[in-house]
Participant: 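The structure's right below; bear with me while I get my questions together.
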Amino acid sequence: MSDALEPVVKEIPPKAADLSAWYTAACLKAELVSYAPVRGCVVLRPYGFGLWENLQRELDARFKATGHENAYFPLLIPESLLTREAEHVEGFAPEVAWVTQGGSEVLTERLAIRPTSEVIIGTMYARWIESYRDLPILINQWCNVVRWEKATRPFLRTMEFLWQEGHTAHASADEARAETLAMLDVYREFAESVAAVPVYAGVKSASERFPGAVETYSIEALMPDGRALQSATSHDLGQNFAKAYDIAFTDRDQTVKHAYTTSWGMSWRMLGATIMVHGDDRGLRIPPKLAPIEVVVIPILRAGDERALEVARDVTRDLRTCGVRVRLDERDAQPGWKYAEWDVRGVPVRIEIGPRDVDAGTAVLVRRDRARGDADHKRSLARTAIADALPELLSDIHRTLYAQARAFLETHTLRLEDRAAFYEAARARAGMLDIPWCGRPECEAHVKAQTGATTRNTRPLDGDDRTCVACGEPATLRAYFAQSY
RNA sequence: CGGGACGUAGCUCAGCUUGGUAGAGCGCUUGCUUUGGGAGCAAGAAGUCGCAGGUUCAAAUCCUGUCGUCCCGACCA
């Protein structure tokens with residue numbers, strides 16, 4: 001094993017050597033999750049839940065700002081309701097978990113544990129909506145769902161996962177489509193400005209469409225191994241669910257019409273994307289806006305000189321007063337040990353306060369986004385200047401993480417014009433392969449069979465290129481192809 | 001659901017081929033010395049060897065079954 005492949009951190013293998021092993025070890029070692037005694041399920045530990053709470057807070061604020069309200073619907077769905085929308089049932093049937101017994105009583109009708117809530121929410125909307133005056137309904141719920149997955153990984157694919165699902169009903173197709181696109185853009189903006197993960201937003205191909213949707217949109221992020229990760233979806237359900245669940249209203253013209261509905265969701269998978277995109281050989285690098293701890297303060301004590309502890313407490317208190325999410329690490333351990341641990345856990349900024357700082361009235365600020373040895377990895381600052389300097393420092397860390405991820409995405413987005421090169425790149429997981437595409441399912445299926453890659457999403461043609469790079473037929477779209485998680 | 005690997009102390013694993021008193025490192029506890037990038041010494045605690053059968057005088061070790069986990073593929077957020 002070469003030096004380059006030696007672990008920098010105990011128990012975490014180098015990221016470039018084996019992304020899967022790195023990812024799993026990082027999630028466990030950073031204490032985000034713990035495996036549960038239930039197959040395919042994880043425990044979200046306090047630090048991991050802190051990530052989720054920050055995602056929730058940021059995303060929820062965006063939902064509220066666009067006129068949505070939160071509500072909560074039941075976990076269990078009667079089988080007879082679930083089967084009303086044919087495509088939807090067929091799409092989800094293989095992964096639905098069922099409750100068949102309550103206590104010792106065998107149920108006369110099975111109850112599905114929700115894999116998603118279109119059915120139960122649509123049923124309620126049908127009762128609530130009578131008039132065009134009742135529309136639109138703009139509701140979101142934060143909840144758990146269960147899908148009987150065969151193979152699982154923390155955040156990326158678990159049998160039970162946390163997410164939010166928005167469900168809206170509208171009087172017109174145009175309004176529903178506008179809602180679908182608006183929420184897609186909320187997700188894109190959230191990914192970039194909160195998680196610092198650049199994404200491509202676009203339309204899913206027919207084969208990748210949500211079961212029962214008229215059109216599905218997604219944001220897609222690129223992982224370091226060249227595979228894409230679908231990070232959120234937004235569905236225009238047209239009148240499919242409205243017709244199946246009888247969501248109807250009397251319009252201004254006194255005729256009864258079916259509503260147009262949408263649904264859109266982001267799960268804790270987004271956290272998995274964030275972890276994979278930003279992490280390095282020392283562990284996680286959490287973008288500041290998602291970080292449960294933005295700043296960790298580490299006092300450096302010597303025998304007979306514990307002044308740093310008092311100063312560190314003062315600094316911590318001041319920062320907390322300023323609204324910074326700060327943690328003072330007073331544990332009885334060596335500073336170097338603490339540095340390594342908080343590096344693994346990805347805290348954006350570390351403040352070191354030792355005897356020299358106590359004397360000089362300073363503190364050392366260390367950025368997690370920089371490599372050790374970089375010129376601006378550490379800097380000494382007057383203690384009175386810390387609170388003022390932090391907001392800009394945290395912003396700069398966000399910008400740095402985003403810029404690095406953006407650069408990776410751009411250098412691994414290949415606009416290909418040659419069929420052989422396209423197939424080779426698809427097999428090699430070279431990244432996002434951006435090509436003019438015919439849009440035909442049989443073409444996509446062929447690419448998938450040959451290379452494992454599928455369309456991630458598509459957008460309108462932008463140039464004169466009118467030939468599908470994958471098959472040579474006339475092109476109708478531009479598509480990103482990649483292997484996916 | 002296919003292919004592969006693995007279940008032994010909190011963690012990572014050795015021991016199994018060739019059956020014969022349960023091991024190491026890390027971690028943990030206590031004490032002292034330390035503390036600006038994962039400290040040192042000393043003492044100590046800790047495991048029904050995943051589970052159930054079978055073979056045997058004797059099973060972590062051999063056989064059968066079973067449950068679970070991880071990795072690689074096929075499907076999903």
Side-chain angles (χ1 to χ4, degrees), chain A residues 7-13 18-21 23-25 28-29 34-42 91-96 115-116 144-165 187 204 207-211 216 218-221 225 227-235 263-273 282-283 298-306 308-309 331-344 350-358 362-364 366 372-373 377-378 380 448-449 452 454 483-485:
Chain A
V8 174
V9 177
K10 275 188 292 189
E11 297 169 41
I12 300 185
D18 183 346
L19 185 65
S20 283
Y23 176 78
T24 303
L28 294 171
K29 181 73 173 150
S34 199
Y35 286 114
V38 187
R39 186 183 81 80
C41 296
V42 294
F92 279 101
E95 45 188 357
V96 171
T116 179
N144 58 342
V145 291
V146 169
R147 298 182 186 177
W148 212 256
E149 300 288 351
K150 289 151 187 160
T152 61
R153 311 185 57 194
F155 297 122
L156 303 181
R157 191 193 301 116
T158 46
M159 296 226 303
E160 178 185 6
F161 58 91
L162 298 182
W163 77 345
Q164 57 70 217
E165 46 179 330
Y187 289 139
K204 282 292 195 183
S207 70
E208 301 276 326
R209 194 179 290 149
F210 179 76
T216 288
S218 73
I219 57 170
E220 304 277 338
D225 62 354
R227 288 207 275 177
L229 186 67
Q230 178 173 300
S231 304
T233 48
S234 186
H235 313 292
S263 68
W264 26 274
M266 176 180 277
S267 76
W268 70 17
R269 172 183 270 191
M270 184 72 222
L271 299 179
R282 281 187 285 150
I298 299 182
I300 296 155
L301 313 178
R302 290 184 202 283
D305 184 356
E306 302 204 338
L309 184 56
R331 289 175 300 175
D332 180 21
Q334 291 192 276
W337 192 90
K338 294 178 182 177
Y339 300 167
E341 173 166 296
W342 293 113
D343 277 355
V344 168
R350 179 174 79 232
I351 297 179
E352 305 172 1
I353 299 173
R356 294 201 294 271
D357 299 295
V358 173
T362 58
V364 176
V366 187
R372 286 173 62 180
H377 177 228
K378 297 186 178 191
S380 185
K448 183 176 182 179
T454 53
Q483 294 187 35
S484 76
Y485 271 90

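Protein chains get the first letters and strands the later ones, always in sequence-line order, with residue 1 at the start of each.
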Participant: Counting side-chain heavy atoms from C-beta on, which of B:A77, B:U35, B:G73 comes nearest to A:R157?
Facilitator: B:A77
Participant: For A:G265, answer base if it contacts any base atom (sugar-phosphate contacts may also be present), sugar-phosphate if it contacts only those atoms, and nothing otherwise; contact means non-hydrogen atoms under 4.0 Å.
Facilitator: nothing
Participant: Within the 4.0 Å heavy-atom criterion, would you say A:E352 contacts the bases, only the backbone, or no part of the nucleic acid?
Facilitator: base
Participant: Can you find a side chain N or O atom of A:S20 that sits less than 4.0 Å from OP1 or OP2 on B:C72?
Facilitator: yes
Participant: Distance check, C1' atoms only: B:U69 and B:C26, in whole angstrom units.
Facilitator: 22 Å
Participant: Classify the nucleic acid contact of A:T158 as base, sugar-phosphate or nothing, counting any heavy atom under 4.0 Å across all strands shown.
Facilitator: base
Participant: Using 30° and 60° as the class limits, which term best fits the ring planes of A:F155 and A:W268: parallel, tilted or perpendicular?
Facilitator: perpendicular
Participant: What interatomic distance, in whole Å, is found between C1' of B:G2 and the corresponding atom of B:G47?
Facilitator: 36 Å
Participant: If you take atom types as modelled and just measure distance, does the side chain of A:R269 reach the base of B:C76 with a donor-acceptor pair under 3.5 Å?
Facilitator: yes
Participant: What's A:F155 touching, base or sugar-phosphate or nothing? Going by heavy atoms closer than 4.0 Å.
Facilitator: base
Participant: Ignoring backbone atoms, establish whether A:Q334 has a side-chain N or O less than 4.0 Å from OP1 or OP2 of B:G36.
Facilitator: yes
Participant: Which part of the nucleic acid, if any, lies within reach of A:T24 when heavy atoms closer than 4.0 Å are counted: base, sugar-phosphate only, or nothing?
Facilitator: sugar-phosphate
Participant: How far does the P atom of B:G3 sit from the matching atom of B:C11, given to the nearest Å?
Facilitator: 30 Å
Participant: Report the residue (A:D343 or A:G452) whose heavy-atom-nearest nucleotide on RNA chain B is the more 5′ of the two.
Facilitator: A:D343
Participant: Base, sugar-phosphate, or nothing: which does A:H377 touch, judged by heavy atoms less than 4.0 Å apart?
Facilitator: base
Participant: Once side chain to side chain contact (heavy atoms under 4.5 Å, CB included) is applied, do any residues pair with A:P115, and if so which ones, sequence neighbours excluded?
Facilitator: A:F92, A:V96, A:R147
Participant: With rounding to whole Å, what would you report as the distance between B:C57 and B:A46 at their P atoms?
Facilitator: 34 Å
Participant: Considering every strand and a 4.0 Å limit on heavy-atom distances, what is the contact class for A:V364: base, sugar-phosphate, or nothing?
Facilitator: base
Participant: What distance, rounded to whole Å, do you find between the two C1' atoms, one in B:G4 and one in B:G44?
Facilitator: 42 Å
Participant: Going from CZ on A:F210 to OG1 on A:T216, what distance comes out if it is rounded to the nearest 0.5 angstrom?
Facilitator: 7.5 Å
Participant: NA contact type, A:R350, heavy-atom cut-off 4.0 Å: base, sugar-phosphate, or nothing?
Facilitator: base
Participant: Is a salt bridge present between A:D343 and A:R350, judged by a nitrogen-to-oxygen distance below 4.0 Å?
Facilitator: yes
Participant: In whole angstrom, give me the gap between the P atoms of B:U48 and B:A39.
Facilitator: 32 Å
Participant: Which whole number of Å gives the distance between the C1' atom of B:A59 and that of B:G19?
Facilitator: 6 Å
Participant: When all nucleic acid strands are considered with a 4.0 Å heavy-atom cut-off, which category describes A:D18: base, sugar-phosphate, or nothing?
Facilitator: nothing
Participant: Kindly state whether the ring of A:W337 and the ring of A:Y339 have centres lying under 6.0 angstrom apart.
Facilitator: no
Participant: With the criterion being N/O to N/O and under 3.5 Å, what pairs connect the protein with nucleotides 1-8 of chain B, and how long is each?
Facilitator:
none

Participant: At under 4.0 Å between heavy atoms, what does A:P94 touch on the DNA or RNA strands: base, sugar-phosphate, or nothing?
Facilitator: nothing
Participant: With P as the reference atom in both, quote the distance from B:C28 to B:C70 in angstrom, rounded to an integer.
Facilitator: 26 Å
Participant: Would you call A:P355 and A:R302 a side-chain contact if the rule is heavy atoms closer than 4.5 Å?
Facilitator: yes
